[in-house]
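One structure below.
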Amino acid sequence: MDVRRCKCQRCGMNIAAPIGAQTIICPRCQFVTQLQPPRNNGFANNNMRPEFPAYPARPRRMNPNVNNNFKPQQFNRPMSPQINNIRPPPVHGRKRAVLCGINYRGHAKSLKGSINDALSMRYFLVEKLGFPIASVIVLTEDEKDPYKYPTKANIRSALRWLVHGCRSGDSLVFHYSGHGARVRDRDGDEIDGHDESLCPVDYETEGRILDDEINSTIVRPLPPGAILHGIIDTCFSGTFLDLPFLCRINRAGYFKWEDHRMRAYKGTSGGTAFSISACDDHQSSGDTTAFTGVPMGALTYSFIQTLEQETKLTYGRLIMSMQNKIQETQKALGLNGANETQEPQLSSSEPFDIHSKLVAI
């Protein structure tokens, strides 16, 4: 079927609409967008990318059975303009969020759903959870502001902004959708011998951001009474925020906390940090068109849907519900092999009863 691309007039999500359609309903916010007639006299655009396949549309960010390193030589050209002086944005509100979605367009390891993930999370936080729009910074390749292009320098600046001046009662969110990679741990603070890392759009020239740095930037400064939620939709992300405790949950709901404290202090300054990630440190994650018809990360979609559909949600129920949604979709699409396993993970700055503590963002 021939399709053309359009954007939801309310939330900005990219939607594939059939040629000739006069309206399209956004799968994210349900807004009805009136479509303009195509400019090419009704013929399909021959330069348009084909329709996205079903799960996993996102090329596997890493295949742990083949190669555990996301190799820089796969990206062969500069990915962003040179920006030297990074301007920190003003701080707004008691609820703040940094949302980063990177598709790595034009490259061998390009993704399809990461920008949609960031826009979906912004809509959810603003429209459903009451985050002020001015308190939500979105970094994607679609942003016109050069300071919101997802370079390493801009991501670092945004993370510093997130925790700047935070105090008791603040609720902070860091959402990342893009490539993740494992690199050899060189300071002896990882149980599995590997650091997890975030790949900015310019990582080929500027390098990755390691979990050690993410922890020291947004976890360690948290004061008493402040809460941080990391929502990490990438491969190898079980300990992406480098938090000291990782929760292991079986299908019956029984759980235990693994202590990941080693040489370095990985906790907060009295606050509480949670990380909800797409998969374990040795697993890959993917995105899918199976949920909405447009590419989205399975973690991001299942996280938003679970919070919207269930009330008085505990962390244990959240993780188990997300696992069920992802496994049911994989099973329906015949992705049941060990290499396709994707199990959302929960880690925290302190152990707690996951079946009694309510999710509060």
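Model, not experiment: these values are computed from the prediction. Numbers here simply count residues along the sequence, with the first being 1. The figures that follow rest on heavy atoms only: side chains count, while hydrogens, waters and symmetry mates do not.
- Between the CG atom in N103 and the OG1 atom in T140 there is a gap of 8.5 Å [rounded to 0.5 Å].
- Interatomic distance, CD1 of I232 versus CG of D211, reported as 11.0 Å (0.5 Å rounding).
- At a threshold of 4.5 Å between non-hydrogen side-chain atoms, the residues I214 and D242 do not count as touching.
- When all heavy atoms of F274 and L243 are compared, the pair lying nearest together is C-CD1, 3.9 Å.
- When all heavy atoms of T151 and N154 are compared, the pair lying nearest together is OG1-N, 3.1 Å.
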Exercise. I would like to know whether D353 and T314 meet side chain to side chain contact (heavy atoms under 4.5 Å, CB included); could you show each step before the answer?
Key: CA-CA 9 Å; D353 182 355; T314 65; over 6 Å; no
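- Distance alone, capped at 3.5 Å, is enough to place a donor-acceptor pair between the T234 side chain and the G178 backbone.
- A heavy-atom distance below 4.5 Å is not found between the side chains of L222 and S269.
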Practice problem: For ring-ring contact (aromatic ring centres under 6.0 Å, His included), just list the numbers for Y315 and H355, CA-CA rounded to whole Å, side-chain angles, deciding distance to a tenth of an Å, and then say yes or no. | Solution: CA-CA 7 Å; Y315 285 92; H355 296 305; over 10 Å; no
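- Donor-acceptor pairing under 3.5 Å is lacking for the side chains of K325 and T329.
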Hey, can you pull the donor-acceptor pairs under 3.5 Å for the side chains in residues 166-174, sequence neighbours left out?
unit_1 : atom_1 : unit_2 : atom_2 : d
D170   : OD1    : R94    : NE     : 2.3
D170   : OD1    : R94    : NH2    : 3.0
D170   : OD2    : R167   : N      : 3.0

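- Atoms NE2 and CZ, on H164 and R96 in that order, are 8.0 Å from each other to the nearest 0.5 Å.
- Considering every non-hydrogen atom in both Q323 and P344, the closest pair reads NE2-O, 3.2 Å.
- Side-chain atoms of D233 and T300 form a donor-acceptor pair, as typed in the model, at a separation below 3.5 Å.
- Scored by the salt bridge (Lys or Arg N to Asp or Glu O under 4.0 Å) test, R156 finds E213 as partners (sequence neighbours excluded).
- Residues I276 and L129 are members of one and the same hydrophobic cluster, defined by side-chain heavy-atom contacts under 4.5 angstrom among Ile, Leu, Val, Met, Phe, Trp and Tyr.
- The shortest distance between side-chain heavy atoms of D117 and H175 falls below 4.5 Å.
- Remark: R248 fails to qualify as a cation-pi partner of W257 under the 6.0 Å distance and 45° angle criteria applied to the six-membered ring.
- In this structure the side chain of E196 reaches within 4.5 angstrom of the side chain of F240, judged on heavy atoms.
- Separation of atoms NZ (K256) and CD (E258) is listed at 6.5 Å; rounding is to 0.5 Å.
- Residues passing the salt bridge (Lys or Arg N to Asp or Glu O under 4.0 Å) test with E310, sequence neighbours excluded: R317.
- Annotation: side chain of L198 is not in contact with side chain of R208 (no heavy-atom distance under 4.5 Å).
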